Amino acid sequence: MSPVLVTAKTAFLFILPQYNVSVPTADSETVQYHYGLKDLVTILFYIFITIILHAVVQEYILDKISKRLHLSKVKHSKFNESGQLVVFHLSSVIWCFYVVVTEGYLTNPRSLWEDYPHVYLSFQVKFFYLCQVAYWLHALPELYFQKVRKEEIPRQLQYICLYLVHIAGAYLLNLSRLGLILLLLQYSTEFLFHMARLFYFADENNEKLFNAWAAVFGVTRLFILTLTVLAIGFGLARVENQAFDPEKGNFNTLLCRLCLLLLVCTTQAWLMWRFIHSQLRHWREHWNEQSAKRRVPAAPRLPARLVKREYGYHENGVVKAENGTSPRTKKLKSP
C-alpha cells in the first residue's frame with residue numbers, strides 16, 4: 001500500500017498516526033489500526049458531522065412528507081423519530097453487510113473467535129465503529145433539539161444507552177467481528193419496524209409490515225442468542241490464550257465471558273418481554289374494540305312516512321286512529 005493512500009485514509013478518518021501499524025502479508029504490507037484515547041477526538045468530530053446530516057434529512061425530507069400527512073403532535077414526533085432511524089438503519093445495514101462480506105466473516109464463522117484478541121482492525125472496521133458510537137452519542141443532544149416529549153425521553157434513553165454499551169463493549173473488548181454480525185441482525189429488524197411505523201402513519205389500515213416485523217423479531221432474538229453463546233461460550237472457551245491482560249487486549253477469562261453472556265442474554269430477554277407485552281396489549285385493545293361493536297344493539301327504525309302521535313298517527317297526510325280507521329268529527333246535538 002502506497003504511503004500517499006495511507007495518508008489520505010488517515011486524514012479522512014481523522015485518526016492520529018500512532019494508532020496504526022503495518023502488518024506484513026504474502027503480497028505486501030497492510031495497514032491496520034487499534035483503539036486509543038485520541039479516538040475520542042475522532043468521535044467528537046463525527047458527532048458534529050452527524051448532527052449536520054440529521055438536520056439535512058429532517059428539513060429536506062421528513063418535514064416535507066409530514067406536511068402532506070397532516071399528523072398530530074404525537075404522531076409527528078414518532079414520525080420524525082422513525083424517519084431518522086430508517087435512514088440510519090438502512091445505511092448501516094448496507095455498510096455493515098459490505099464490511100462483513102469483504103472481511104470474510106460470513107464465509108468463515110470460526111474467524112469470530114479464532115486468533116483472539118482481535119487487537120488490530122482494518123480501516124473500514126474501525127471507521128464503522130467510530131461512526132456508530134458518534135451517531136448514538138449525537139442522539140443525546142438531539143433529544144433537546146427535536147423537542148421530544150418528556151414521556152418519550154426515558155424510552156429513548158434506554159435504547160441509546162443499550163446501543164452505546166454494546167457497541168463500545170465490542171470495540172474495547174476486541175470483539176469487533178462478533179459485534180458486526182450482531183449489529184447486522186439487530187439493525188435489519190429495527191429497519192423493518194420503523195418502516196412499518198412510517199407506512200402506518202401514512203395509512204392506519206396498513207399493518208402488513210408490522211406482522212412481518214413481529215415474525216422476524218423473535219427469529220432475530222434466537223439468532224443473536226445462539227451466535228453469542230456459540231462464539232463466547234464455546235469458541236473463546238477453547239482458545240488457548242486465556243488470560244486477563246489489558247495491555248495486550250486479552251479479556252478471555254471465565255468471569256469476563258460470563259459477564260458478557262449475562263449482558264447479552266439479559267438484554268435480549270428484556271427486549272422479548274417488551275415485545276410480548278406490547279403484542280398482548282395490542283391484541284387486548286383489538287379484542288375489546290370488536291366486542292364493543294358486537295354489544296351495541298341496532299336501533300329500530302320507523303317507516304319514513306309514519307309519525308306516531310298521542311291520538312293516532314299520520315299516514316300520507318291523513319290522520320288515522322289506533323285501529324286504522326279515520327276519526328270522524330262528532331256532531332253536536334241541539335238541546
Side-chain angles (χ1 to χ4, degrees), residues 62 65-66 69-90 92-93 132 135-136 139-140 142-143 146-167 181-229 261-295:
L62 297 179
I65 298 176
S66 61
L69 297 178
H70 303 288
L71 301 174
S72 62
K73 290 184 178 180
V74 177
K75 290 184 177 181
H76 186 267
S77 176
K78 293 182 179 180
F79 177 84
N80 290 335
E81 176 191 357
S82 293
Q84 293 286 348
L85 289 175
V86 160
V87 176
F88 168 72
H89 287 311
L90 178 61
S92 296
V93 165
Q132 293 296 314
Y135 179 86
W136 291 111
L140 295 174
E142 285 294 340
L143 294 177
Q146 293 292 324
K147 298 180 180 179
V148 179
R149 296 187 306 154
K150 293 182 179 180
E151 297 81 4
E152 294 290 328
I153 290 179
R155 178 186 63 84
Q156 295 194 24
L157 283 177
Q158 289 176 353
Y159 283 100
I160 292 172
C161 293
L162 282 176
Y163 274 115
L164 285 174
V165 168
H166 285 77
I167 295 173
I181 304 295
L182 299 184
L183 279 178
L184 180 61
L185 295 172
Q186 177 65 22
Y187 283 168
S188 301
T189 308
E190 290 296 306
F191 168 74
L192 188 60
F193 169 73
H194 290 289
M195 277 297 296
R197 281 220 301 186
L198 291 181
F199 277 99
Y200 176 77
F201 291 142
D203 182 11
E204 294 186 355
N205 296 322
N206 190 351
E207 296 185 356
K208 294 181 180 179
L209 280 179
F210 275 119
N211 297 330
W213 166 75
V216 172
F217 186 87
V219 177
T220 304
R221 300 310 114 202
L222 181 62
F223 270 102
I224 290 177
L225 287 174
T226 304
L227 188 60
T228 303
V229 173
L261 288 174
L262 180 62
L263 175 64
V264 175
C265 292
T266 303
T267 303
Q268 300 306 312
W270 178 74
L271 292 174
M272 198 65 194
W273 178 82
R274 287 180 61 89
F275 169 76
I276 295 174
H277 179 71
S278 64
Q279 291 297 311
L280 291 176
R281 183 180 59 186
H282 176 71
W283 290 339
R284 192 184 303 114
E285 292 176 355
H286 179 72
W287 177 259
N288 293 336
E289 184 180 352
Q290 294 296 326
S291 300
K293 290 181 179 179
R294 294 173 184 175
R295 292 175 184 175

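Note that the structure is predicted; figures quoted are calculated from it, not measured.
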Roughly how far apart are [X] [atom1] and [Y] [atom2], rounded to 0.5 Å?
{"X": "Glu81", "Y": "Tyr159", "atom1": "CD", "atom2": "OH", "value": "9.5 Å"}
{"X": "Asn80", "Y": "Lys78", "atom1": "CG", "atom2": "NZ", "value": "13.0 Å"}
{"X": "Asp203", "Y": "Leu69", "atom1": "CG", "atom2": "CG", "value": "10.5 Å"}
{"X": "Tyr135", "Y": "Gln84", "atom1": "OH", "atom2": "CD", "value": "6.0 Å"}
{"X": "Leu183", "Y": "Tyr163", "atom1": "CG", "atom2": "OH", "value": "8.0 Å"}
{"X": "Ile181", "Y": "Ile224", "atom1": "CD1", "atom2": "CD1", "value": "11.5 Å"}

Handout entry: Ring geometry between Trp273 and His277 (parallel below 30°, tilted from 30 to 60°, perpendicular above 60°)
Key =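 Correct class here is parallel.
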Practice task
Give me the ring orientation class for His89 and Trp136: parallel if the planes are under 30° apart, tilted from 30 to 60°, perpendicular past 60°.
Solution key: tilted
Problem - Contacts of Arg149 that satisfy salt bridge (Lys or Arg N to Asp or Glu O under 4.0 Å) - sequence neighbours left out - result: Glu152
Exercise for the section: Name all residues meeting the salt bridge (Lys or Arg N to Asp or Glu O under 4.0 Å) criterion together with Lys208; count only those two or more places apart in sequence or in a different chain, and write none if there are none. Expected result: none
Problem - Side-chain (Thr266) to main-chain (Leu263) donor-acceptor, under 3.5 angstrom - result: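 No; zero donor-acceptor contacts below 3.5 Å.
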Exercise for the section: Verify, without hydrogens or angle tests, whether Ser77 (side chain) and Lys73 (backbone) share a donor-acceptor contact under 3.5 angstrom. Expected result: no
Exercise for the section: Go through Arg221 and Gln186 one step at a time and tell me if the side-chain hydrogen bond (donor to acceptor under 3.5 Å, both in side chains) criterion holds. Expected result: CA-CA 9 Å; Arg221 300 310 114 202; Gln186 177 65 22; 2.9 Å; yes
Handout entry: CZ (Phe199) with more than 12 external heavy atoms under 6.0 Å
Key = no
Practice task
Check the surroundings of atom CZ in Phe223: do more than 12 heavy atoms from other residues, nucleotides or ligands lie under 6.0 Å from it?
Solution key: no
